[in-house]
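Written out below as structure tokens is the structure these notes cover.
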Amino acid sequence: MAKRLDIRTTSSRRREAVVFLCLLLAILMSLSGRVHGQFLPTAPSVMENGSHVSALYLMGDSSVDCGKNSLFYPLLHRNLSLLPCNGGDSTLLPHLLAQKIGLPNSQPFYSQIGSIEGLIKGVNYGSAHATIISPSSQSHPSFNQQLRQVYETFQLLQLQLRQDRAQDFIKSSMFYLSFGRDDYVDLFLRNSSGMMLKYSGQEFARILANQMVHAIRTLYDANVRKIISAGILPLGCAPRVVWEWYNSTATRDGMGCVEEINELVLQYNTVLNEHIVELKEELPDAQIVFCDVYQGMMEVITNPALFGFSDTKNACCGLGLHGAEIGCVSAETTCNQSSSHVWWDLYNPTQALNSLLADSAWSGHPLPDICRPITVQDLVYTSHLIGGPSE
């Protein structure tokens, strides 16, 4: 009897051991999807927000950064504008899109401490005044520096996650690129380093667009499959440009914009859009969207009342003619109703205008076809595995 009991006890212990090992294995498998208690999304799965995007990463200039990512920005800022945003990064177009996706705001690269928790929430590599062409004096992360920072982030992801998991996570992330404005403002129009003598407007546009194509290819080679590339806004309508060309012989359109400057910007936007169409043929599994902020803003500037705006010429924050002789140096110099203005400061749109662009980029309303060939919403809810809208 005792022997039978011992046999049963041994058999029971074995079953318990098997159950324990199964439980342990289940726990370990569960933990493999966690990093310090946080679940990591994998590429084939739908995220908690219902989308196919696990994180948003930003590269660009003041269209994605209000100066937080530029070391010593208050000391090294140019164009005399200390406050390039009315309310911080959350008022900018890509951050407004992140809210629509259900993702947190991408935090500045320089605020990262190398922890996986911060990296998987998205990173903002952008820097106010960043240029595609590296200037002689560098006080901000340029285009190439931002690409290097992206590479460093991917290396950290692969070190702290399994390589296959890191690759899946990168593939399910989305990149937003917005460069070029400061190349025209700081380098070409001011003839820095003799840019206007070296290149025609068309040549300069092709140089910039080719560099953007290089960035997209580099990201693709690193397993990125969802990319938004934004064009340059209508600089010829910006308060600073209008003020600087006030006494010139430049041609002005019916809205008071400088046509020659807008034509330069249009050349870049057109070339970049053409390259993106070609890239989609070359990289069929890549989902690349071009967002034409120029087209959207010109529609508003042409018909401001239709969209709730009353001032398309003056900066809300600034001093002098058009609020453009001195930029936004203090919140005390702001207008009473920024929501009625298209322009916040010398070159940057207001939160109200960015919100309108974000709504249109997301759904195609009220400004249709800003983003093509699909809306950002379609891009977000499309699996990178099937190349079409999710069912």
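Remember, it's a predicted structure, so these values are computed and weren't measured experimentally. Below, all heavy atoms of this structure are taken into account, side chains as well, without hydrogens, waters or symmetry copies.
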If we only count heavy atoms from C-beta on, is the L353 to L357 side-chain gap below 4.5 Å?
yes
Over all atoms of both residues, closest heavy-atom pair of V329 and T333:
N-OG1, 4.4 Å
side-chain contact (heavy atoms from CB on, under 4.5 Å) between N269 and I232, worked out
CA-CA 7 Å; N269 288 342; I232 303 174; 4.0 Å; yes
Between atom CD of Q160 and atom CZ of R165, what is the distance when rounded to the nearest 0.5 Å?
14.0 Å
Calculate, to the nearest 0.5 Å, the distance between atoms CZ and OG1 belonging to R206 and T270 respectively.
10.0 Å
Taking all atoms of both residues into account, what is the closest heavy-atom pair of V265 and L233, and its distance?
CG1-O, 3.5 Å
Joint hydrophobic cluster, L103 plus I116, side-chain heavy atoms closer than 4.5 Å:
yes
Main-chain N/O of Q167 paired with N223 side-chain donor or acceptor, under 3.5 Å
yes
Taking the side chain as everything from C-beta on, heavy atoms only, tell me whether V289 gets closer than 4.5 Å to I227.
no
Given side-chain contact (heavy atoms from CB on, under 4.5 Å), test D182 with Y347 step by step and report yes or no.
CA-CA 10 Å; D182 289 290; Y347 302 103; 5.9 Å; no
Going by atom types alone, do N273 and Y268 pair a side-chain donor with an acceptor below 3.5 Å?
no
Heavy-atom donor-acceptor pair, R225 side chain to S172 backbone, under 3.5 Å:
no
More than 12 foreign heavy atoms under 6.0 Å from CD of Q337: is that the case here?
no
Describe, in one word, how the ring planes of F204 and Y184 are oriented to each other, choosing from parallel (under 30°), tilted (30 to 60°) and perpendicular (over 60°).
perpendicular
Between L93 and Y176, is any pair of side-chain heavy atoms under 4.5 Å apart?
yes
Write down the atom of A130, the atom of F179, and the distance for their closest heavy-atom approach.
CB-CE2, 4.3 Å
To the nearest 0.5 Å, what is the distance between CG on D65 and CD on Q146?
8.5 Å
Counting only heavy atoms not in E282 (residues, nucleotides, ligands), do more than 12 fall under 6.0 Å from its CD?
yes
pair S90-Q99: side-chain heavy atoms closer than 4.5 Å:
yes
Group every Ile, Leu, Val, Met, Phe, Trp and Tyr by side-chain heavy-atom contacts under 4.5 Å, then state whether V271 and L235 land in the same group.
no
Once rounded to the nearest 0.5 Å, what's the spacing between atom CZ of F169 and atom CD1 of I120?
5.5 Å
Once salt bridge (Lys or Arg N to Asp or Glu O under 4.0 Å) is applied, do any residues pair with D164, and if so which ones, sequence neighbours excluded?
R162
Side-chain donor or acceptor of S106 paired with backbone N/O of L56 under 3.5 Å:
yes
Going through the checks in order, is the side-chain contact (heavy atoms from CB on, under 4.5 Å) test met by K100 and V376?
CA-CA 10 Å; K100 293 180 180 296; V376 174; over 6 Å; no
So does T382 get a backbone contact from the side chain of K226, meaning a donor-acceptor N/O pair under 3.5 Å?
yes
Taking all non-hydrogen atoms of both residues into account, name the closest pair between C257 and I301 and its distance.
SG-CG2, 4.4 Å
Short question: side chain of Q107, backbone of N124 - any donor-acceptor pair under 3.5 Å?
no
Checking the side chain of T375 only, and the main-chain atoms of D378 only, is there a donor and an acceptor separated by less than 3.5 Å?
yes
Below 4.5 Å, heavy atoms only, C-beta onward: do L58 and F109 meet side chain to side chain?
no
So Y381 and W362, would you call those rings parallel, tilted or perpendicular, with 30° and 60° as cut-offs?
perpendicular
Between S200 and E203 (side chain of the first, backbone of the second, donor and acceptor by atom type, cut-off under 3.5 Å), is there such a pair?
yes
Between T153 and Y125, is there a side-chain donor-acceptor contact under 3.5 Å, judged purely by atom types and distance?
yes
Same apolar cluster (I L V M F W Y, side chains within < 4.5 Å links), L96/F309:
no
Using a 4.5 Å cut-off on heavy atoms from C-beta on, say whether the side chain of K171 contacts that of V224.
no
Where is the tightest heavy-atom contact between V64 and S178, given as atom of each residue plus distance?
CG1-CB, 4.1 Å
Heavy-atom closest contact (V258 atom, V242 atom, distance):
CG2-CA, 4.4 Å
Please confirm whether the backbone N or O of T91 pairs with a side-chain atom of N354, one donor and one acceptor, at under 3.5 Å?
yes
Donor-acceptor under 3.5 Å (N348 side chain, C85 main chain)
no
Answer whether the closest heavy-atom distance between the side chains of L379 and H52 falls below 4.5 Å.
no
CA sep, side-chain torsions, deciding dist, call: D61, T131, side chain to side chain donor-acceptor pair (under 3.5 Å)
CA-CA 7 Å; D61 47 32; T131 54; over 6 Å; no
Quick one: CG on N210 to CZ on R217, what's the gap to the nearest 0.5 Å?
9.5 Å
Would M212 and S229 satisfy side-chain contact (heavy atoms from CB on, under 4.5 Å), going step by step from the backbone distance to the final call?
CA-CA 9 Å; M212 291 302 296; S229 184; 4.0 Å; yes
Does D89 use its side chain to pair, donor to acceptor, with the backbone of C66 at less than 3.5 Å?
yes
Out of H322, R240, E325, which one pairs with L346 under the side-chain contact (heavy atoms from CB on, under 4.5 Å) rule?
R240
In terms of hydrophobic clustering (I, L, V, M, F, W, Y; side-chain heavy atoms under 4.5 Å; direct or indirect links), are V277 and I374 co-clustered?
no
So do the side chains of L92 and Q351 get within less than 4.5 Å of each other, counting heavy atoms only?
no
Does the C335 SG fall under 2.5 Å from that of C316?
yes
Side-chain donor-acceptor contacts of residues 290-299 below 3.5 Å, not counting sequence neighbours, with atom names and distances?
unit_1, atom_1, unit_2, atom_2, d
D292, OD1, Y294, N, 3.3
D292, OD1, Q295, N, 3.1
D292, OD2, R372, NH2, 3.1
Q295, OE1, R372, NH1, 3.3
Q295, NE2, P368, O, 3.3
E299, OE2, N303, ND2, 3.3

According to a 4.5 Å side-chain heavy-atom criterion applied to Ile, Leu, Val, Met, Phe, Trp and Tyr, with indirect links allowed, do W344 and W243 form part of one hydrophobic cluster?
no
Mind checking the CG-OH spacing from L177 to Y57? Nearest 0.5 Å is all I need.
14.0 Å
